[in-house]
**Q** 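Got a structure here, written out as structure tokens. Questions coming.
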Amino acid sequence: MSAGAGAGPAVGEVVDVGEWAKPLPGLDAVNGPYWKAAREGRLLIQECPTCGHRQWYPRALCTACGADPVWLETTGRGVVHTFTVIRQQGMPAFKAELPYVVAMVELAEGPLVFGSMPGVDPDLVAIGTPVEVWFGVADDDTGVPFWRPVP
Amino acid sequence: MADRTPVIVGIGLSDFPRAPHLDGVQHHVLAAQRAIADAGIDKSSIDGYVNAGGSGGGDMVDGAIAMAEYLGIDHRYLDGTMTGGSSFEFHVQHLASAIRTGLCDTALVTYGSNQLSRMGRALGTGGMHRGPSRIAGPMGYEAPYGNSLVGSYAMHARRHMHEYGTTSEQLAEIAVGVREFAALNPNAMYRDPITVDDVLASKMIADPLHMLDCCAITDGGGAFVMTTAERAKDLPQAPVYVLGAAAAMTHWNVCQQTDFTTCAGEKIAPIVFGQAGLTHDDVDLLMFYDSFTITCLILLESLGFVGKGEGGPFVAEGNLKRGGKWPMNTDGGGLSSCHPGMRGIFLIVEAVRQLRGQGGAAQVPDCEVAIAAGSGGWLSAIGAVLLGKEAP
């Protein structure tokens, strides 16, 4: 199944998007669980058990108080905080998808997360548009969270 | 007691906007030679060296320690702070302190890049990563999504429009005004006059930013010499005084920006104006980092020249144009003249030129105080320097 097929993926669905040709994160001890969870259909952020601060991207410390954060699974829902429509991009894997939306999404749980909406008509996106996550499979250890307007 | 007030006594530019005969290191060298000659100092008197690198060769080629060796500088103060395009405003902040406290007496700052000749015009949209590679560190959280450098600024413009009703026409006025100055600079990359309609009709690169909202991509290099007011007494050029310098960041990667309508300018404006004992109305010239039209607007507001959200109507009234209340980017800016990747040094060089009265056709009448405000990264790291013709 591809991202654009039929009614599209359900919320949090993990989608085989074919051979992965885009850059990926370098996996390490801190970010590994984040990308692995995405591979399994879960979007994680971090929460601090000491001060309650929530953060994205995952780090080895809470940026508010310096303590050790723990994982928090999100609902995978949010609204568009701001966005752009990329109309020129030199890298082939992205060039093939032009134009596409890159956005900051404000999660229901609070933090802003960065992402994109491949296959979504840019005219359907505005600041405030409710969106939901889906995940593209990059490899066995890495899923990539993407966004689309809530139908 | 010797007057250790920090002053700028020499400035130099390499060849631009197209200089295929120079590599990055040669841009550093040519700008340094010209700044040293302009200052009228012996090279051997330089005991501080500052360089952010970034010209494409890597730290071991054009970083601070590598270039100090290449230039043959016997330094006792060295700084390689790299914050992107605002590095040079951070450098002035650091050097002002170093010179006051005697860590060095005479310092050279250099920059050079053959961006255009080496990579063509791919900087803004070429993609930072060339293939399905693994990207280490926080940038890995952006890498899979195909953003562009232009897109990062476009997200700021979009949010600013949403919150304050700022329009593409208002942003376009910034590009039009800077182009008017570029027409007066024989070395500027683009000199033909443009209109608001031209900007709006230019190709959309990343909504809502059009091609003419984006800076040029050029080759170029710059350098300046800082020393004490005491030493400046024996030198040929009238010294330009560092009245204040402040710098800070809110984030580095754009995915960590939390308020897309502003930047660290809000944090540093009270510091830099407080140091100088000046108000915004004392400023005669704005040298603002114009990577994109929106960059200028956010600097203008965050540094307090106008209230938050008031920037759009203010620029549309022509206040930043030639003859306006605060003429901006009299050398033609990054938008139309020179942007080899990190423009912050050119802001300082042009401010000094204007304060000396060497601005030629673009000279701002009675220019006594100028502000150079750099933006590094994605409105990430902001540095502001107040420069004056008279001693503080």
Side-chain angles (χ1 to χ4, degrees), chain A residues 19-28 30-31 34-35 38 55-59 63 80-104 106 111-118 122-123 125-128 136 138-139 142-147, chain B residues 119-163 202-211 214 251-261 292 294 378:
Chain A
E19 190 183 347
W20 189 269
K22 299 169 181 174
L24 286 172
L27 300 183
D28 57 46
V30 173
N31 73 16
Y34 172 85
W35 297 103
Q55 64 189 21
W56 182 93
Y57 56 84
R59 292 166 165 90
T63 57
V80 173
H81 179 76
T82 190
F83 72 103
T84 184
V85 184
I86 301 294
R87 297 188 186 273
Q88 187 168 311
Q89 231 285 2
M91 203 183 138
F94 295 119
K95 197 171 182 177
E97 295 180 347
L98 291 172
Y100 54 87
V101 170
V102 167
M104 294 295 301
E106 185 179 349
L112 294 176
V113 302
F114 185 90
S116 68
M117 304 190 199
D123 289 342
V125 180
I127 289 175
D139 63 27
T142 317
V144 176
F146 291 110
W147 298 88
Chain B
M119 292 184 64
R121 296 171 61 207
L123 177 66
T125 59
M128 292 177 202
H129 317 297
R130 302 310 303 173
S133 48
R134 290 276 175 177
I135 309 301
M139 209 171 240
Y141 292 96
E142 299 179 12
Y145 299 117
N147 191 22
S148 65
L149 198 159
V150 187
S152 296
Y153 286 84
M155 286 196 284
H156 286 84
R158 174 66 72 201
R159 186 73 199 184
H160 202 278
M161 289 174 168
H162 175 78
E163 289 199 20
S202 66
K203 187 174 166 185
M204 193 69 90
I205 306 295
D207 303 34
L209 296 181
H210 308 77
M211 190 178 75
C214 306
H251 60 284
W252 178 240
N253 296 286
V254 76
C255 74
Q256 295 300 296
Q257 172 64 294
T258 54
D259 186 343
F260 281 79
T261 66
F292 301 91
I294 185 64
W378 302 263

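Everything numeric here is computed off the predicted structure, so don't read it as measured data. Naming convention: chains lettered A, B, ... in sequence-line order (proteins, then strands); numbering from 1 in each chain.
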**Q** So which residue, B:His162, B:Met204, B:Arg159, ends up with the most heavy-atom pairs under 4.5 Å with chain A?
**A**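 Looking at each of B:His162, B:Met204, B:Arg159 in turn, B:Arg159 comes out on top.
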**Q** Is there a side-chain contact between B:Asp207 and A:Phe83 in this structure, where contact means two heavy atoms from C-beta onward sitting under 4.5 Å apart?
**A**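 A side-chain contact under 4.5 Å is absent here.
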**Q** Going by heavy atoms in the side chains, are B:Tyr145 and A:Phe146 under 4.5 Å from each other?
**A** yes
**Q** Taking only residues two or more places apart in sequence, or in another chain, which ones meet A:Asp139 in a salt bridge (Lys or Arg N to Asp or Glu O under 4.0 Å)?
**A** B:Arg134
**Q** For residues A:Gln89 and A:Tyr100, determine if any side-chain heavy atom of one lies less than 4.5 Å from a side-chain heavy atom of the other.
**A** yes
**Q** Could you have a look at A:Ile127, A:Thr142, A:Val144 and say which one has the most heavy-atom pairs with chain B under 4.5 angstrom?
**A**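 Top option by heavy-atom pairs under 4.5 Å: A:Ile127.
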**Q** So what's closer than 4.5 Å to chain B heavy atoms on A:Asn31: side chain, backbone, both or neither?
**A**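 Backbone plus side chain of A:Asn31, per the 4.5 Å heavy-atom cut-off to chain B.
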**Q** Non-hydrogen atoms of chain B under 4.5 Å away: do they reach the side chain of A:Pro145, the backbone, both or neither?
**A**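 Both backbone and side chain of A:Pro145 come within 4.5 Å of chain B.
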**Q** Is the shortest side-chain heavy-atom distance between B:Lys203 and A:Gln88 below 4.5 Å?
**A**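 SC-SC contact between B:Lys203 and A:Gln88 confirmed.
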**Q** Would you please name every residue forming a side-chain contact (heavy atoms from CB on, under 4.5 Å) with A:Gln55, sequence neighbours left out?
**A** A:Gln46, A:His53, A:Arg59, A:Thr63, A:Pro69
**Q** Would you tell me whether B:Tyr141 and A:Trp56 have side-chain atoms, one donor and one acceptor, within less than 3.5 Å of each other?
**A**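 Not at all, the side chains of B:Tyr141 and A:Trp56 share no donor-acceptor pair under 3.5 Å.
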**Q** Tell me, out of B:Pro208, B:Pro138, B:Pro144, B:Ala136, who's got the most heavy-atom pairs with chain A below 4.5 Å.
**A** B:Pro144
**Q** Tell me, side chain or backbone of A:Ala103 under 4.5 Å from chain B's heavy atoms, or both, or neither?
**A**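 Just its backbone gets close to chain B.
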**Q** Heavy-atom cut-off 4.5 Å, strictly under: side chain, backbone, both or neither for A:Trp35 against chain B?
**A**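 Side chain only.
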**Q** For B:Gln256, is it the side chain, the backbone, both, or neither that has a heavy atom closer than 4.5 Å to a heavy atom of chain A?
**A**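 Contact with chain A involves the side chain of B:Gln256 alone.
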**Q** Counting heavy-atom pairs closer than 4.5 Å to chain B, which one of A:Pro58, A:Gly128, A:Ala126 comes out on top?
**A**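 Max contact count across the listed options: A:Pro58.
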**Q** Select, from A:Gly136, A:Gly26, A:Pro25, the one with the greatest count of heavy-atom pairs under 4.5 Å involving chain B.
**A** A:Pro25
